[in-house]
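Heads up, the thing below is written out as structure tokens.
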Amino acid sequence: MDMEKQLPDSGLIPYVKTDDILEDMCGIIDASLEKASRAVNLALVRRNWLLGQRIAEEVMLGERRAEYGSCVIKRLSKVLSAQYGKGFTKTNLYSFYAFYQSFPEIFHAVSGKFEPTLSWTHYRVLLQVSDAQARAWYAREALSQTWSVRTLQRNVSSQYYYRLLSSQNKAPVRREILDRTADAQLGKLEFIKNPVIAEFLGLPADMSAFTETKLETSIISNLQKFLMELGKGYAFVARQQHIHTEKEDYYIDLVFYNYILKCFVLIDLKTSKITHQDVGQMDMYIRMYDELKRNEGDNPTIGIVLCSDTDEDIARYSVLHGNEQLFASKYKLYLPTEEELRAEIETQKTMFYLQQEDKER
């Protein structure tokens with residue numbers, strides 16, 4: 001007979017005992033992960049709301065509010081970043097401020113009774129919606145329909161609220177949304193993968209174990225060594241470097257600085273054939289690096305998009321318009337050739353498949 005049990009002293013991790021110990025163990029683990037996710041989300045949301053509230057109170061003290069608020073946030077960002085690390089950029093502090101202003105009643109007191117089940121990343125997406133009625137609708141729907149962050153982002157970006165509002169027959173609109181967002185729902189460990197959650201918990205910034213397949217990880221690891229061994233001025237900067245835009249989180253596979261060329265070199269690996277979107281994404285990385293990382297005297301950033309397609313291993317060098325001559329005359333002297341990259345990728349794939357065969361024997 002099945003019996004409902006609870007772990008001693010927890011009271012919050014229920015499970016149903018069956019005759020299958022593996023099923024019971026999985027149920028306990030999943031329930032614990034869900035509890036952990038809710039606890040972390042609540043703490044993060046509460047912290048950011050309180051920070052936003054405190055900023056708002058401080059800004060109200062200034063006679064010239066906009067100018068005073070900008071100075072306050074700039075100073076806070078500098079001090080908090082030095083003391084607590086990432087997560088307290090000016091952009092994030094403005095987000096906390098906007099969060100409090102957009103959701104002033106989410107906590108009625110410091111020990112607020114209302115515990116939101118939406119994550120901070122959900123609220124960050126909701127802050128993109130300037131219409132208060134639309135924002136409240138998206139929040140209710142995300143909560144009641146348990147939308148993942150990706151689903152919420154897609155619905156906001158596709159103007160779901162306004163399309164539904166203007167449609168006489170709403171059923172087809174709802175069906176289309178369900179079909180197009182079916183694959184975007186959260187996995188069991190999605191809250192751990194979330195870079196904001198990882199940052200809040202103080203987890204390592206290297207998320208490669210979560211974001212890359214075994215083959216990709218193997219190729220990238222060996223490409224890192226390969227480029228360093230070329231001896232053409234490469235200094236390693238980062239792996240799986242997190243880049244956050246207003247709507248998405250990205251990871252650049254490898255980042256180097258070439259002290260001979262005096263520029264950053266970004267490398268991104270794709271397991272499928274390279275598309276225009278891949279090149280466009282690399283150009284976005286380049287623009288962001290040139291704006292945020294490039295110092296006086298540095299040359300423009302260069303990006304290399306690699307493809308590990310089984311039929312043809314290729315490399316595409318991505319440079320912004322206007323830098324082509326510089327690339328042709330200078331960069332190619334120190335960057336690996338397409339032939340070198342193709343040969344290295346093919347070598348690593350062969351070694352990887354041989355290792356997998358050995359494990360299966």
- Taking it one step at a time, do Y285 and D268 satisfy side chain to side chain contact (heavy atoms under 4.5 Å, CB included)? CA-CA 10 Å; Y285 292 160; D268 212 26; 3.9 Å; yes
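N92 places a side-chain N or O within 3.5 Å of a backbone atom of G87 that can act as its donor or acceptor partner. In this structure a side-chain-to-backbone donor-acceptor pair under 3.5 Å is present from S95 to T91. The backbone N or O of L261 lies less than 3.5 Å from a partner atom in the side chain of N299, making a donor-acceptor pair. Side-chain atoms of D290 come within 3.5 Å of backbone N or O of T301 as a donor-acceptor pair.
The two residues K74 and K90 come nearest to each other via the heavy atoms CA-CD, 4.0 Å. Here the closest non-hydrogen pair linking Y251 and Q240 is CB-OE1, 3.2 Å. Residue I304 comes nearest to M282 through the heavy atom pair O-CE, 3.7 Å, listed as atom of the first residue, atom of the second, then distance. Scanning both residues, I286 and L266, for their nearest heavy atoms gives N-CD1, 4.1 Å. In terms of heavy-atom proximity, P300 sits nearest to C263 at O-CB, 3.5 Å.
At least one side-chain heavy atom of F236 sits under 4.5 Å from a side-chain heavy atom of L254. The side-chain heavy atoms of R46 and L50, taken from C-beta on, include a pair separated by under 4.5 Å. In this structure the side chain of S119 never reaches within 4.5 angstrom of the side chain of L44, judged on heavy atoms. Using a 4.5 Å cut-off on side-chain heavy atoms (C-beta onward), L152 and L126 make contact. Counting heavy atoms from C-beta on, the side chains of F96 and R47 come closer than 4.5 Å. For the pair Y97/Q53, no side-chain contact is recorded, criterion being any heavy-atom separation below 4.5 Å from C-beta on.
Heavy atoms from other residues, nucleotides or ligands lying under 6.0 Å from CD1 of I21 number 12 at most.
Once rounded to the nearest 0.5 Å, the distance linking CZ of R287 with CG of L292 reads 13.0 Å. Interatomic distance, CD1 of I302 versus CD1 of I267, reported as 10.5 Å (0.5 Å rounding). For the atom pair R150 CZ and Q153 CD, the distance stands at 11.0 Å (nearest 0.5 Å). Between the CD atom in Q128 and the CZ atom in R135 there is a gap of 11.5 Å [rounded to 0.5 Å]. With values rounded to the nearest 0.5 angstrom, I55 atom CD1 is found 9.5 Å from Y94 atom OH. Between the CG atom of L76 and the OG1 atom of T89 there is a distance of 12.0 Å, given to the nearest 0.5 Å.
Scanning for side chain to side chain contact (heavy atoms under 4.5 Å, CB included) contacts around F99 gives V45, N48, W49, F103, I106, W120, Y123, L127, with sequence neighbours left out. When the side chain to side chain contact (heavy atoms under 4.5 Å, CB included) test is applied to Q277, the partners found at least two apart in sequence or on another chain are T275. Every side chain to side chain contact (heavy atoms under 4.5 Å, CB included) that D20 has, sequence neighbours left out, goes to T18, L22, E23.
Using a 30° and 60° split on the angle between ring planes, Y138 and W147 fall in the tilted class, from 30° to 60°.
L93 is connected to Y84 through a chain of hydrophobic side-chain contacts under 4.5 Å among Ile, Leu, Val, Met, Phe, Trp and Tyr, so both are in one cluster.
Results of the ring pair (Phe, Tyr, Trp, His ring centres under 6.0 Å) test with F264 over Y259, F256, Y289 single out Y289 as the only residue that passes.
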